[in-house]
Amino acid sequence: MPPKNRLPRPAVTAALVTKRCDTRPRLGLILGSGFGAVARAISVEREFPYRDLPGFPVGTVPGHAGRLLLGDWNGVPVAVLAGRAHYYEGFDLAESTFSTRVLAALGISTLVLTNAAGGINPRFKVGDFMALTDHINLIGTNPLRGPEPEGLNRFVDLTQAYDASLHPHWKAAAKVAGAKCHEGIYIAVSGPSFETPAEIRAFRTLGADAVGMSTVPETIVARQCGLKVAALSCITNAAAGLGGKGQVVSHLEVLELARQREDVATRIVGEFVKRVG
Ligand code: HPA
């Protein structure tokens, strides 16, 4: 017998939220490293620590606070996951993407995902941004593995994982914020170790422009739930082997660059939300 799902039904957790606040979000946001300041830009009606939400994974990475916020941003009702649980912390992908299912159950139609990533494309500079046009899942597993959720199809089509009609809005939003926004393909790895230079050369050959340890599981689940998905990376470092002689890739470097770009990142996402929400 395949294992039973141990998680609650997303609609049950969502009902607990809607009972306690009036915001009915149209758009969801998941904040990665470098996008934490978004949480401060929103007019929050109500916030819920993850530990109060049945089924929510409580992450362990410093700086990933772990709160669901509901409120208004630039006239758009939003639900924001400030803090995400990563596969590398030991959660399985069904656990770490449960919160994405709750966003869908709250009634959003568009999900905006953000992350920090290492730049592989030689045209990318540290501090630039990249709107995802597609992804390569190299995590080694899939969040839909396991029991098929009631009423949903496990064989999800990903030919348009990232909604093409939303891509031009990233460019326009970045222009307003005075930042450079490329388009490209994100390759997801499990981490938590960074890559070897040989792996990065291989990823380039595979067609990847940036590498990171998140986003892809949430995209897959969001598509299963019928959401439109948009995603943005902040290029926080040159990927391994591309940063010149003596390069060391470090989490501290990623966090420091992410912090430096937080205000610009917030402006880009805010403009984007204004346009698509
Ligand atoms: N590799 C993997 N994940 C990352 C990187 C990287 O270079 N930078 C930020 N997240």
Side-chain angles (χ1 to χ4, degrees), residues 30-38 59-65 81-91 93 96-97 112-132 134-141 143 162 179-220 231-262 264-266 268-269:
I30 301 184
L31 308 183
S33 307
F35 294 86
V38 164
T60 59
V61 179
H64 289 259
L81 296 178
R84 54 152 68 94
H86 300 83
Y87 185 59
Y88 62 71
E89 293 171 78
F91 299 102
L93 291 185
S96 69
T97 55
V112 178
L113 294 155
T114 59
N115 62 55
I120 298 177
N121 187 317
R123 290 190 301 112
F124 293 5
K125 293 198 180 61
V126 168
D128 287 351
F129 293 83
M130 182 188 87
L132 277 65
D134 207 344
H135 74 225
I136 299 171
N137 179 12
L138 221 67
I139 293 178
T141 183
Y162 303 89
K180 180 95 194 153
C181 185
H182 308 272
E183 288 186 351
I185 296 171
Y186 176 93
I187 190 161
V189 292
S190 73
S193 62
F194 288 109
E195 301 71 38
T196 64
E199 286 169 339
I200 295 299
R201 284 193 298 275
F203 295 170
R204 184 67 193 142
T205 307
L206 291 176
D209 297 294
V211 58
M213 303 175 193
S214 68
T215 302
V216 162
E218 291 116 326
T219 296
I220 295 171
L232 184 70
S233 295
C234 175
I235 305 299
T236 52
N237 58 287
L242 304 179
K245 217 166 168 256
Q247 180 196 17
V248 174
V249 183
S250 83
H251 187 55
L252 270 182
E253 172 201 16
V254 168
L255 292 182
E256 172 54 24
L257 196 285
R259 199 192 51 74
Q260 285 173 26
R261 299 300 281 164
E262 226 166 26
V264 178
T266 302
I268 299 176
V269 182

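Everything quoted here is computed from the prediction, not taken from an experiment. Heavy-atom basis, side chains included; hydrogens, waters and symmetry copies ignored. Both ligands and their constituent atoms are indexed starting at 1 by order of listing. Numbers here simply count residues along the sequence, with the first being 1.
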Going by the side chain to side chain contact (heavy atoms under 4.5 Å, CB included) test, name the single residue among T266, V112, L232, I268 that passes it with F35.
L232
What do we get for [X] next to ligand 1 when only non-hydrogen atoms under 4.0 Å count, side chain, backbone, both or neither?
X: T236; result: side chain
X: N237; result: side chain
X: A117; result: backbone

If you measure from the Lys or Arg side-chain nitrogens to the Asp or Glu carboxylate oxygens, is any gap between E256 and R259 under 4.0 Å?
yes
Out of curiosity, [X] [atom1] to [Y] [atom2], how far, rounded to the nearest 0.5 Å?
X: E183; Y: D134; atom1: CD; atom2: CG; value: 11.5 Å
X: S233; Y: L113; atom1: OG; atom2: CG; value: 10.0 Å
X: I187; Y: D209; atom1: CD1; atom2: CG; value: 10.5 Å

Under 4.0 Å from a heavy atom of [X]: give me the atoms of ligand 1 that qualify, with their elements.
X: M213; answer: 2 (C), 3 (N)
X: V254; answer: 8 (N), 9 (C)
X: E195; answer: 1 (N), 2 (C), 6 (C), 7 (O)
X: A116; answer: 9 (C), 10 (N)

Taking the side chain as everything from C-beta on, heavy atoms only, tell me whether T215 gets closer than 4.5 Å to H135.
no
Please write down residue, atom name and distance for the protein heavy atom closest to [atom].
atom: atom 3 (N) of ligand 1; answer: G212 CA, 3.4 Å
atom: atom 4 (C) of ligand 1; answer: V211 O, 3.7 Å
atom: atom 5 (C) of ligand 1; answer: G118 N, 3.4 Å

Between Y162 and T219, is a side chain to side chain donor-acceptor pair (under 3.5 Å) present by the stated rule, with each step listed?
CA-CA 8 Å; Y162 303 89; T219 296; 3.0 Å; yes
